[in-house]
Structure formats: structure tokens, C-alpha cells
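To find a chain, count down the sequence lines: A is the first, B the second, and so on, and within it residues start at 1. All figures in this text were calculated on a predicted structure; none of them were measured in a lab. Computed over heavy atoms, backbone and side chain alike; hydrogens, waters and symmetry mates excluded.
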Amino acid sequence: MKHSPHTRHSGKLHRYLPLKTGHLALDFALILVPAAFLVRYLSGSAVWIFVAAALGIIPLAASLGKATEDLSAKLGEKLGGLLNATMGNATELIIAFFALREGHQAVVKASLSGSIIGNVLLVLGTSVWVGGIGRQKQTFDRRQVSASVTMLFIAVIALVMPAVYALSVHGHVSTRTQALDRFSLWTSGVLIVLYACGLLFQIRNREVPLPSEEANGPDEPSWIPIVSLIVATVLIAVLSDLLVNQISAAQHALGLSSMFVGVVVVATVGNAAEHSTAILMAYKNKMDLSLSICIGSSVQIALFVAPVLVFASFLLGNPMQLVFSPLEIAGIALAVLILEMIVNDGETVWFEGAELIAAYLILGIAFYLVPE
Amino acid sequence: MKHSPHTRHSGKLHRYLPLKTGHLALDFALILVPAAFLVRYLSGSAVWIFVAAALGIIPLAASLGKATEDLSAKLGEKLGGLLNATMGNATELIIAFFALREGHQAVVKASLSGSIIGNVLLVLGTSVWVGGIGRQKQTFDRRQVSASVTMLFIAVIALVMPAVYALSVHGHVSTRTQALDRFSLWTSGVLIVLYACGLLFQIRNREVPLPSEEANGPDEPSWIPIVSLIVATVLIAVLSDLLVNQISAAQHALGLSSMFVGVVVVATVGNAAEHSTAILMAYKNKMDLSLSICIGSSVQIALFVAPVLVFASFLLGNPMQLVFSPLEIAGIALAVLILEMIVNDGETVWFEGAELIAAYLILGIAFYLVPE
Amino acid sequence: MKHSPHTRHSGKLHRYLPLKTGHLALDFALILVPAAFLVRYLSGSAVWIFVAAALGIIPLAASLGKATEDLSAKLGEKLGGLLNATMGNATELIIAFFALREGHQAVVKASLSGSIIGNVLLVLGTSVWVGGIGRQKQTFDRRQVSASVTMLFIAVIALVMPAVYALSVHGHVSTRTQALDRFSLWTSGVLIVLYACGLLFQIRNREVPLPSEEANGPDEPSWIPIVSLIVATVLIAVLSDLLVNQISAAQHALGLSSMFVGVVVVATVGNAAEHSTAILMAYKNKMDLSLSICIGSSVQIALFVAPVLVFASFLLGNPMQLVFSPLEIAGIALAVLILEMIVNDGETVWFEGAELIAAYLILGIAFYLVPE
């Protein structure tokens, strides 16, 4: 779920440009997109192409998020909610799709883990810290948040059980069997159905009105966000293809593990714009919004993006099973449990932000030290 | 703990009949008891005998529950509480006793796990869902429930520690050593003493009065529930013997694992009547009662039935250790943690029911896929 | 953090004596200090010297605690808080330092685990039980306690991740690799920085005033606590050296495992005086103080003492890694989770004390049964 109710820089001409991101700095960063193509044709270095493609995707992800949000506002609550719920993490979905096609299952899983852990610990931690400075405490609606955390815990169950199954029946998690194939597909089905139920519940029980999109006057033509959506999606797909093709070579050249590339590089590239919004909202003391971005995005990745990728991987003939590595599972489970402890009183203080960041650092050390 | 404060069908003659279940449909289902014996003598098929015995036990379990409840009401708060606390899951205890005698340790453990997981996730989930439909939310006394959830977590500790011990000292959980024998017996002692303390606490601190048994007028003679109790117990014992003798053959014929037979078949047979009551209470918006049936029954199984079975197994010379399989332990631990998340705000909504059911489905998939 | 606002026995002469403990019984117990030296020179038995040194340390730990507390009161809130935060578990730090020098890594780790588990389960459980007898319930400030429990959970993360790393990368936890060395040092750094942030947060946000030290009139000269501090530290160091030198021989003679010596003996010796204060405060219905002693002490051990010992061990050339045994990790994690369940409603009843003690007994059985 993307939100960026920033005060926007407007202008007669600018209003009709597609790919607006809603952030001035990110609008300028769109220059990185042609730059990435330039690097692609001028340079033969895998590392440079990899970095250029990654940087190019960041502003495009923001454009896609903005277009999704604007179109949602025009489509009304129900259709808009559905669009947000499916396209909210489209960038990650696209990158992961290309990575799966090339057989980078480990990188994709790591990027899913990294997104969840990063949102829940690093982004939320920074938000709570930044928001808490100079304030006695910040409050939010405990009930909405609590429901999301429980959904994340269902995802934890969906990650723990296949791994325990694999460990206790097969003796290790790196095997691939028919039973685990079925386990992955059926569990993915359960998760997607639950995600749909959650959407239904949210639409029916919405007490808090959606943030009004006052900045988007009625003067913007409807076709602008549609064009933005299409153009951004296509460009992200092209750059993702570029990025994924260089993963192996770049990893090798930089001495990075699949785990680290997934957890840090891919997860950051897909979520950077969103992160800045969450932190800004916390700074403005809109904790409900900040929490809903961080936790909502994690829920979407765990209960929608991950199952969709499992299904897609089987269709692509490169099956990805829901069996994550023990480090990833432990990391996600611990992140969700500490999240529950932090939010279950309906208020945060800056020190709780520090606690979340400390948890992220410890997990980060583990992922960094994993050998290839 | 059994409750069935339904409106009852009364009649002059019927009032003097033993084995009443308090549900009209279950009263008629008592016909399955003689049917089971008929099948036993007419059929040579293990599967049919197994199924008939299982079906026959279901209404008898309801009769036993009703008789326990009626007798408790007559005995007054203290003695009645004690009777409820020891006989509340008598059916399961009896089936398990016969199964232990025949050496079906794995089935017994699986039935214990299955009962706990089934009560906490499937029955409670269905109750919360059914109760929540058409209601904004349902509320209950958070404190009573919270105390029970903590007791379940003690049971989780009692399951996790022996398994971690076995894994870290012996390298696997399937071994049997003197140390694990001691561990099982001592831990069972701790659990039973804690269960007794809990009973004492409940009797002393009862704030909520027991549901008044208005349906049982003072006109029912005292001997009726006593006769029912004895007759039901004897019949359940005979059918359990029948059931257990066919386990191996039926398993083989149907291609089911011990895990599945225990978790699904035995656990359902012993608790079916109780389950319907919990769901009915939730439908009537009596969430305190519904939760107390689901969680109270799990507490009784974990802290009373399981330890009693451990002691009994040693006396029978077929020791059952408190070392459960990793899948069972993970399942119970995750079930208790999600239960804590759901109930710790003192209210439920239908979507939380869906979350519990989703968790049950994921665990169910794991148990289903376990090879023999 | 040490507190002992007891009513004190005062006397003109006594007031000028160093090493006062603030408890009459413990003052007399100081006779055990010279007794320990006597045993050392008269007896050749490792067991007797071990026991005498252990007993001698108990009253000295109380003296050190009292001196730290008195000096803190004189130094004012900030410097005093810093002194308390670093010297609060000085006895354990000293014993552990000598044990590390002799290469008893397993004993030191077990004493850290034992202190955390003992404080959180046994001492707090006894406090809650004793305090709850004859009272309907006891209440406390949920927020302060909750923040400490979250800090303990960060420590759980810091213990779980290296173990999962070791298990999944190396296959077992008993290995020593360069990666685990780095993991231990970096994580220790994160923990200490978080501990410092916590201190800062506590000083800035203190709402509850410190317990006034009414018993220490302004007539006590400033040099008394300083002398006490120095003398107690030196004597504890000498006795610790004695204690540690006999560990191997005493273990052998008594047939105790390193695990048991660490978890029970060392952990008890270092914390006995503190424990009695926590229980006394609960008895007086000062639950905030009782909880802050039990949980605060655990936080200090997990986030300050343990990391300092990791750094010290590397300087001593006998590196201690943050890789604990699976039993210790499971024990600490389960203890913190049940603590969270017990305290998160801001009130306790005697039965919750019984639950904590039951949890301690189950963990104790596991540690007792571990073979050497």
C-alpha cells in the first residue's frame, strides 16, 4: 500500500507529465532511467550495469506507486482498494518474476524475507525513532495494527511449518520433494484466500477514512495515471531484466552472497520510496499512517506477493518452494514477535525505535556473514 | 470442562432415561452404539469396525459430558469443580488408555496434539467466525482467558524442553533414555500440581457465577447422572477397545499415518459434542462460555490428561515419554502464540476466526503430508 | 540495579563500619568471609573450599550492592544511575571474569543463562506468589515493565541468531569460527549501545521518582560507601579466584555438570541478596520495585554483563562466543515469552507466581539432567 500525501510541486505543464513520483527529488532521479540504458550500451562491466539498473528502478517504483495511488483515488473505495492491494508491491513482484525465470530462487526468497524484516524493523524502527524525538510518546489505533500483526504471524506459521516438516521428515531444508511442492502450493492458496478475506474485512469495517487526496485536484485527466502505470511497469520490467541478468556476475565480482543481494539490494530497491514516506509520516506525528505503510506492506508481501510468486514459479517451470532458510525463518519470526511487543500498547517512544533498529542490526549481521 | 446449557426437550418418561446428551440429535445418535456392536459381530472388515466404533463413541462422549455436568451441579461448587476438572475429557482419557495398552504411543501423542490444536484453532476459529457474522465485534473477560492461555504456554514449555534436550543431547527425538523417562515423569508431576493450583485459584477467585442449570429442574433424581456416568464410561471403554484393536489394520487399509489418525480421527471423536456447544455459544454471543469451553478443554488435556497418561503408560509397562515430534511441538507452540495475539485485547471479530482457521489449515496440511 | 530500602538497624559505632549489607542477618553472615579463608588454609578438600568460597561471596555481594546504592544516592541521578547500571551486577561480573581466565566458558555462559532465567522465573515467581497471598491482585505500571521485557527480547534475538547461524551454516553449535567471532563481537557492540540508549531514555523519561533513601541520614560520611565498594570488590575477587580454581575438582567430586554449576550455583551466589529484596518488596505490595529488581537485573546481565564478558574474553585470549547451547536459548526465550504474557496486563495474582515457578522447575529439570 503506497501513500504519499506530500505537498506537491505543481505547474501547468508538469501536471500533464506521466511518471510523476510526488517527490521533487525522485522526479529528478528519473534521469537515472535513461542513464541505466546508457550504461548498458556503453559499459561491459556487470557491476556497473547492475548498479545502474538498481538505481534506475528506485524512482520508477515511486512513479508506479504514485500512479497506483492516484488511480485508486479515482476508482473509488472498493476497486481502488483492490488495485492498491494487488499493485502495491508491483515493483518487487516484477523483479522477482524475472529473477525466478532465471532460476534465482534463493535471491527471490531472500528479497521477500528482506522486505518483511526491513519494513518491520528498519523502516518502522527509523520511523518510530524519528517520530519520537522531542515527543513524550506517539499514539495510534492499536486494533488496526494488531490485526495486521496477527496476519504476519499467520505468514510465520506458513514459513515455520514447511521448514519443520522438511527438517523432521527429510533431515534438511535444501531438498525438493513432491510433498513439499504440494505443501507450498496448498499453503500459498490458504494465504491468498486469507489475504482476500482481510481485504473484505478492511473494506467493510473501515472506521478511519482514507487520507483525502487534496493535492490531486480534479483537473488532472484520468488518463495520466493510467499511462504512468503502464509506462512505469514496462520500464521496471526492462530494467529488472537487465538487473537480474547481471546478478550472478555482479555477485561474483563484488563477493556478495545471494542472501545479502536479496535481503539488502533487491529489498531496498523495491521499497525505497515507500520507506521515505513512512518516516516522513512518523515525523509529522501521523503514526497510524506510518505504521499502516510499514506493516501493511509486509502483510502484502507475505500473504500476496510470496504466494503469487510460488504459483508463478510453478507455471514458469522453475518451482520455488515455501521452504526458507532457518536464518530467514528465525529472522521473520523474531521480527514479528518484537513488533507485537512494541505495538500492543498503542503507543511508541523513540527508544522503541532504537530497539527495532538494534534487532535489525543483529539480523543484518547474520545475513552479512552467511557464506555463499 | 463441559457445558451444554441448551434448551432441552423434556418429557415425563425421557426424564428418567440415562445417557441423555442434552442434544436431541445426539440422543437419537445413541442408536450408533448398538449399531457398532452389530457391525463388530457381522463384519470382518477392520475399516468398518473402526468407523462404527468411532461413530458410536461420539454420542456416548456427549452423554458422559452431560452426566458429569449434571452431577457437578448437584455436588456443589467445590466437589463439582473437581469432578468437572477430572472427568471433563474422560472419553479421550479412556481411548488413550486402551491405545497405550496396545503400544500406540504415536497415535496417543498425536491425539493429544490434535485435541489441543483443534480446540484452539479449528473450534475456536469456527466459533469466532460464526459468532462474528453480522456483529461489529464480540467481547469477553480478557483476564480469565489470559490466565488459561498462560497455562497452555506452560504446557508448551513442557513440550519444548524435553524435545530440545533430546535433540541437543541425543541428536534426535525418537530415542528413549532413562534421562528422558525421568524428565517425562517429573515434568508430568509439575504439570498436575500446577493444574491443581489452577483449580484452587479458580474456585477461590470465581467472580463470574457458574451458568445456572435452569433446565435441570430439581425433579430429576440424583441417581440418573450417576448411572449415566457409569454406563457411558463402560460403553466408551468397550468401544475404545474395539476402536484401538482395529487401528493398525484400518490405518493400513486406508493408507493413513499414525499422525493423521491421532490428530484428526481420535481427537475429533473425543470432542465432537463439545465442539458443537462452543460454536453454538458463540452464535448466541456468549463468548466467555465459548472461549472457556475451547481453551479450558485444551488446558485440561495439556495439564491433566497428558500427564495422567504419562503416569499410566509407565504403570502399564508401555512408557510414553513427553517427547513429541517437532511438527506437533511447532504446531502447538504456534497455536498458543496466535491464540494469545487474538484474545489479548478482550474482543474478537469474524476475520480473527478466519485467521485461526487459516492457521489450522496450514498445520493440517503438514500433518496430512507426514509419511508413515 | 540494587535496592534495599529496608528499615535498618542503626547504631553509633555500626554506622562507621564498612561492608554493611543493610540486612541484619547478612551483616552477621559476613563472618563467612574469614571462615572461607580459614577453610582454604586448613582443608585440602576442593568441595569444602568451593562451598566456603561460595557462601562467603553471598554477604559480600550484598555489601557491594548496598555500597553501590548508597554511593549512587550521593552522586545524584545521572552519575548515580550510571554507577548502578554498571556495578549493579558487579559480583557476577567478577566471578565470571575469573572463570573466563581459567577457560570455564561453559560455566560462565550457564551462569548468565541461569541468572536471567532465575530472576525472571524463580525470583519473580516467588515474589508474585508471596505478594499475592491474601490479596485479590497486585498492580504495577505496565509501561515501564513492558519496555524492559522488550529489551530482554532483543537479548533473545542476540542469542537465537548466532545459534541458528552456527546450526545452519556449520551444522552444530559447538564449533568456533572466525565468522562466529565477528558475530559475537558485533552483536555485543549492538547490545551495549542499546543498553546505553536505554539508560539515557530512563534518565530523561523518569516519571516515578527514585525510592527516597530515608534510612541513610545525611550523617554517614561519604567515604564509607567508597571504602565498602573497594573492600567488597577486592574480597569478592579473591574469593572468586578461590571458587573458580576449585570448580573442576568440585564438579568432579560432586558429579555435577558445568551447566548445573553455572545455572544454579554461580547464578545463586551472585544474586541471593537481591532476590530476598525483590520478594520482600512484593510482600509489602511494592510490585513496581519488585518487578524492576527482577527484570532490571536480567536486562543488565543480558545487555551489559554478557557483552562486557565477550569483549573481556577476547582480550584475555580465551574467547567466549555468544553461541549458547540450545537448552539455554530455548529456556531464555520461553522465560521471556511467559514473562510477557504474565505482565502485559499490569497486574499479577498468586497463581501467576505458581505458573512462573512451574516454568522454572521444568527448565531446572532439563538443566539437571544434562550429562557432562
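The stretch residues 332-348 of chain A places A:L334, A:L337, A:I338, A:M341, A:I342, A:N344, A:D345, A:E347 near chain C, each with some heavy atom under 4.5 Å from a heavy atom of that chain. Inspection of non-hydrogen atoms places no residue of residues 116-130 of chain A under 4.5 Å from chain C. For residues 161-170 of chain C, heavy-atom neighbours of chain A at less than 4.5 Å comprise C:M161, C:V164, C:Y165, C:S168, C:V169, sorted by residue number.
For A:Y368, the OH atom sits in a loose shell: 12 or fewer heavy atoms of surrounding residues, nucleotides or ligands are nearer than 6.0 Å.
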Verdict with reasoning, C:F201 to A:E355, per side-chain contact (heavy atoms from CB on, under 4.5 Å): CA-CA 12 Å; C:F201 176 72; A:E355 290 180 315; over 6 Å; no

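Only the side chain of A:V349 comes within contact range of chain C, judged by heavy atoms closer than 4.5 Å.
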For residues 183-194 of chain C, which side-chain donor-acceptor pairs fall under 3.5 Å, sequence neighbours excluded?
from: C:S184; atom 1: OG; to: C:L180; atom 2: O; distance (Å): 2.7
from: C:S184; atom 1: OG; to: C:L322; atom 2: N; distance (Å): 2.9
from: C:T187; atom 1: OG1; to: C:F183; atom 2: O; distance (Å): 2.7
from: C:S188; atom 1: OG; to: C:S184; atom 2: O; distance (Å): 2.7

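If you take CZ on C:R143 and NZ on A:K137, they are separated by 4.5 Å, rounding to the nearest 0.5 Å. Between the CG atom of C:L200 and the CH2 atom of A:W350 there is a distance of 5.0 Å, given to the nearest 0.5 Å.
Counting heavy-atom pairs closer than 4.5 Å to chain C, the top-ranked of the candidates A:L356, A:L369, A:L363 is A:L369.
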